[in-house]
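All chains are named by letter (A, B, ...) in the order of the sequence lines, taking the proteins before the strands, and each is independently numbered beginning at 1. Basis for what follows: all heavy atoms, side chains included, without hydrogens, waters or symmetry-related copies.
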Amino acid sequence: MPAHHPIMSRGFLHDLDYSVVQQCMHCGLCLPTCPTYDATQREAASPRGRIALMRAVADNKLEVTRVFGEEMYFCLGCLACETACPAGVDYAHLFDMARAEVERVGVLARPKRNLIRQVTVRWLFLSRGRLRWLGRAMRLYQKSGLQTLARRSGLMRLLPKRLRELEPLTPAISDRFTPLGYQTARAGEGPQRKVGLVAGCVQDIAFADINRDTVEVLEQNGCGVVIPPLQECCGSLHGHNGEWELARALARKNLDAFGAENLDAVIINAAGCGSHIRHYDRLLADDPGYAERARIWSAKVRDISEYLVEIGFRKPTPSSRPTKTRLAYHEACHLVHGQKISRQPRAILASLPDYEIVELPEATWCCGSAGIYNITQPEMSAQLLERKIRHVVSTGATTLATANPGCALQIITGLRLRGMAVRVAHPVTLLAEAYRAEG
Amino acid sequence: MNAIDPTHISRLVRLLGADRVLTRQEDLITYSFDGTPILNEMPGCIVFPDSVPQISDILKLADHHRMPIVTRGSGTGLSGGAIPVPGCIVLCMVRMDRILRIDPANLTALVEPGVITAKLDEAALPHGLFYPPDPGSMRISTIGGNVANNSGGLRGLKYGVTRDYVMALEVALPNGDILRTGTACVKDVAGYNLKDIFIGSEGTLGVITRVLLRLTPKPRAKKTLLATFASTSAAAETVSAIVAAHIIPCTLEFLDRTTIRCVEEYAKIGLPLDAEALLLMETDGHPAVVEEESAMMSGIAREHGAVEVTIAKSDEEAVRLAAARRTAFSALARVAPTTILEDATVPRSHLAEMINFIQQTAEKFKVRIGTFGHMGDGNLHPTFLTDERNHDEIHRVEQAFTEIFEKAVALEGTITGEHGVGLAKKKFLPMVIGPVGLEVHRRLKQVFDPNGIMNPGKMFDEQEGRDGAERK
Ligand SMILES: Cc1cc2nc3c(=O)[nH]c(=O)nc-3n(C[C@H](O)[C@H](O)[C@H](O)COP(=O)(O)OP(=O)(O)OC[C@H]3O[C@@H](n4cnc5c(N)ncnc54)[C@H](O)[C@@H]3O)c2cc1C
Ligand code: SF4
Ligand code: SF4
């Protein structure tokens, strides 16, 4: 594997522009918004504590220790601290660099952890083909009745405890994946805007319908859509889990696959991916072959709701349905904190004729999904999920909108465990349904 | 590095439980600073008591072995009050965060010191009450820290500061004794007013363990105005004229030209970039009075040369206008890596002179200063935008704030209106309190803390500094 930088010698945190670390003035205003500080009331589990530790590493006052590594992986990466920070600290970047440094030094290396990382981060999520293959296998498992059988027969009890707890989290696999290679057929007047859709990986396998709904809504709003066939996973999983070089490799593949130069916008409907791919410019800033293209790409990336509001999406016509469904909105961390997008999905939801919006308490508080956090930190994740579900229940809503597949999976699991009949849907799906209902 | 004897650590662990005593290097680093720029020091350990008897036991142990104690709330202080003394025990109060009682009949709240300021305000709201002192850090600062620093906020002119709301205190003294001072009575003259000695004592006399606070009925209406001026003196005269007209606004906040530009750059509110000064004014109370007062304030501002006056017509507009002041600190803080927020304060009548002096001083020492502040109570926040790694610039920054403090004192003001002395302003304290004042401070400290374990070296040195620098 090539080194992160040709000139890199000392480590990710050392090589970081020092002003990024220094920008934190340790005012503490981020503390009340940090779920891990809230749970522990310990500074080392707070944003400013973590930044202080990173700075201590950069200053050679602290070695990268196991404890350091654990704190960096106890962090959710929810970026609530960025929203609260008056000084504009770029926590997202610090977080990625700190984890990359933890992996570089290898302080958390353990045979089991290494194997899991090898299989998931370094193998599975590097290829859409492998992901889809796994998706098909899981679909078979779910559809064939094997899953029900396994659950009923007590076969599950044979699995190690950790895996058994995860089994309910396995997503219901979509019947069809996203139609890669799709291109809007040119209709009469021809579309005014040409956009490319990022299919995502979890979105593609578990929520392919959301991708279809996205295409439909974009076409309804005068966009021609392409889904470039050669696109790969966006690399956010790798970037946030210390695999900086793999993240860069995936970014290059996607730049090649899209040719963003010829598009009006690159559309993404998964919040977690969106907040990562917006930063391809920074990820590849020192790559002479890609820096310029990455810059163009980053300037064109739009979350679906952001784009729809930007182009003035068509509001669905009022419906004749007498009663309205109660709808609550959970703000995915990587949309509201990572991309500062909150007004736009709310504008879409407000345009839906059949729904009445009720405010979800703590709507911007992390649900505990946080990428693969629910796998790596099951306890903290479960606490956060519990808190989220409690709030959802308190609203009496029967539909919950959210714009991130990870959040959706997590919350669906939480609702299922409590036997709650709340539908979880992406705002764009609800908009697509409203258009369809117009007849 | 860990200066605390292992046997003392084991004692602490026995007293509190293992998870309430932190000694790992990674933890020590994260408690080596507070909100104060540049300064830091490593503690010996951090402990999290959750009851008064535990605090009493910790203090007895520390007093017996002469181990320094630094009490800490949320560590947002801006003068270094919660920065460790090398090898000290940091007594972190955040786990004692219960609101014990809200008494709507007597308009009081009884709280533990770790309660977050904003949470108290939220808890009072359902009773139609509120807790007025609102430091900019209120979403994370603790009541204990507020009392120990006698913190102010944006509503000082009308509602006063923390001191005006403390009715009674419970304090653990360094020998472990528990002192109760004050009552729930509005009037109480039994004995010395000891509670006032602890308000603003910055953790140097004892540990505040319980606080009885006064609450106030929430005003029914509020009106927000924003005015811009072509000169600082016009803004200052407007403020004086408003007060002379017997209007006491709840907010009278000021932004200077540097701050206005940074705010506009950051928040794009639509502020005029050529304005020299901006005033955000708010009046609250009975709806009819609020209506009348806001009209009068707008008239006074125009008479005194305001270029533009906007009165918010809706809640949303009020929020938009208030954003000019609310984002001031954020807008400045992102301009440079190191932000030093000062709080020189002068009597209202000298505000224009002080603000102009600050601007001249910035030019003289070639440093960047954005000034905003609480115009109603004369409390200014000259904010230095610098880089701690630029030693030459930091030196000039120090020269500049020294001159600013001297000027504030010359104008019968003070070096700190609300952030406290701590470490950051220690060497300037004698400038304000004089040699007799310093001597009384030392003797008072002796009375409560004869072994000098409570936050030693903060505010003043117990012994005269060798270089005699403090006696100016
Ligand atoms: C962004 C920002 C904005 C701010 N705005 C304002 C403002 O508008 N007005 C203002 O006045 N201040 C302001 N401050 C300063 C600071 O927030 C206040 O001084 C606050 O009261 C400190 O509370 P804390 O809980 O963080 O205390 P800490 O910083 O932890 O401690 C402050 C001092 O109190 C002592 N102490 C804490 N708890 C106790 C206790 N239980 N018993 C005895 N001593 C104790 C400590 O030893 C220390 O000396 C601001 C700070 C920041 C970072
Ligand atoms: S990313 Fe989330 S969990 Fe991590 S420090 Fe920031 S607020 Fe806390
Ligand atoms: S809010 Fe920003 S500057 Fe303040 S402590 Fe947190 S990260 Fe640092």
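Among the candidates B:Asp27, B:Val94, B:Leu22, B:Thr30, the single residue satisfying the side chain to side chain contact (heavy atoms under 4.5 Å, CB included) test with A:Glu43 is B:Thr30. Of the residues listed (A:Leu31, A:Leu29, A:Thr33), the one engaging B:Arg139 in a side chain to side chain contact (heavy atoms under 4.5 Å, CB included) is A:Thr33, and it is the only one.
Counting heavy-atom pairs closer than 4.5 Å to chain B, the top-ranked of the candidates A:Ala45, A:Cys30, A:Ala87 is A:Ala87. Options B:Gly75, B:Pro37, B:Ser137, B:Ser32 differ in how many heavy-atom pairs under 4.5 Å they form with chain A, and the most are formed by B:Gly75. Counting heavy-atom pairs closer than 4.5 Å to chain A, the top-ranked of the candidates B:Asp34, B:Ile38, B:Leu78 is B:Asp34. Listed options A:Ser46, A:Ala44, A:Gly28 were ranked by heavy-atom pairs under 4.5 angstrom with chain B; first place goes to A:Ala44.
In this structure, chain A has a heavy atom under 4.5 Å from the side chain of B:Asp97, while its backbone stays farther away. Using a 4.5 Å cut-off between heavy atoms, A:Cys85 touches chain B through its backbone atoms (N, CA, C, O) alone. Within the 4.5 angstrom heavy-atom criterion, no atom of B:Ala118 approaches chain A. Residue contact with chain B, scored on non-hydrogen atoms closer than 4.5 Å, involves the side chain of A:Ala56 exclusively. Heavy-atom distances place the side chain of B:Arg72, and not its backbone, under 4.5 Å from chain A. Residue contact with chain A, scored on non-hydrogen atoms closer than 4.5 Å, is absent for B:Tyr266. Using a 4.5 Å cut-off between heavy atoms, B:Thr36 touches chain A through its backbone atoms (N, CA, C, O) alone. For A:Arg42, the parts lying near chain B are the backbone and the side chain together; criterion is any non-hydrogen pair under 4.5 Å. Both the backbone and the side chain of B:Thr76 come within contact range of chain A, judged by heavy atoms closer than 4.5 Å.
Summarising the geometry, atom CD belonging to A:Glu71 is positioned 8.5 Å from atom CD belonging to B:Glu26; distances are rounded to the nearest 0.5 Å. For the atom pair A:Met25 CE and B:Leu341 CG, the distance stands at 8.5 Å (nearest 0.5 Å). Expressed to the nearest 0.5 Å, how far CZ of A:Arg55 lies from CG of B:Asn40 amounts to 8.0 Å.
The pair A:Glu70-B:Arg24 does not meet the salt-bridge criterion, since no charged nitrogen lies less than 4.0 angstrom from a carboxylate oxygen.
Heavy atoms of other residues, nucleotides or ligands lying less than 6.0 angstrom from CD of B:Glu265 number 12 at most. Counting non-hydrogen atoms of other residues, nucleotides and ligands closer than 6.0 Å to CD of A:Glu63 gives a total of 12 or fewer. At most 12 non-hydrogen atoms from other residues, nucleotides or ligands lie less than 6.0 angstrom from CZ of A:Arg343. Around the NZ atom of A:Lys61, the shell of radius 6.0 Å holds no more than 12 heavy atoms that belong to other residues, nucleotides or ligands. Atom CZ of A:Arg66 has more than 12 neighbouring heavy atoms from other residues, nucleotides or ligands inside a 6.0 Å radius. Residue A:Asn60 places its CG atom among more than 12 non-hydrogen atoms of other residues, nucleotides or ligands, all under 6.0 Å distant.
Residues B:Ile29 and A:Ala52 share a closest heavy-atom pair of CG2-O, 4.1 Å. Nearest approach of B:Asp387 to A:Gln22, heavy atoms of both residues: OD1-NE2, 2.7 Å. Taking every heavy atom of both residues into account, A:Gln41 and B:Tyr31 meet most closely at O-OH, 3.8 Å.
Formation of a donor-acceptor pair under 3.5 Å by the A:Gln23 side chain with backbone atoms of B:Ala333 is found in this model.
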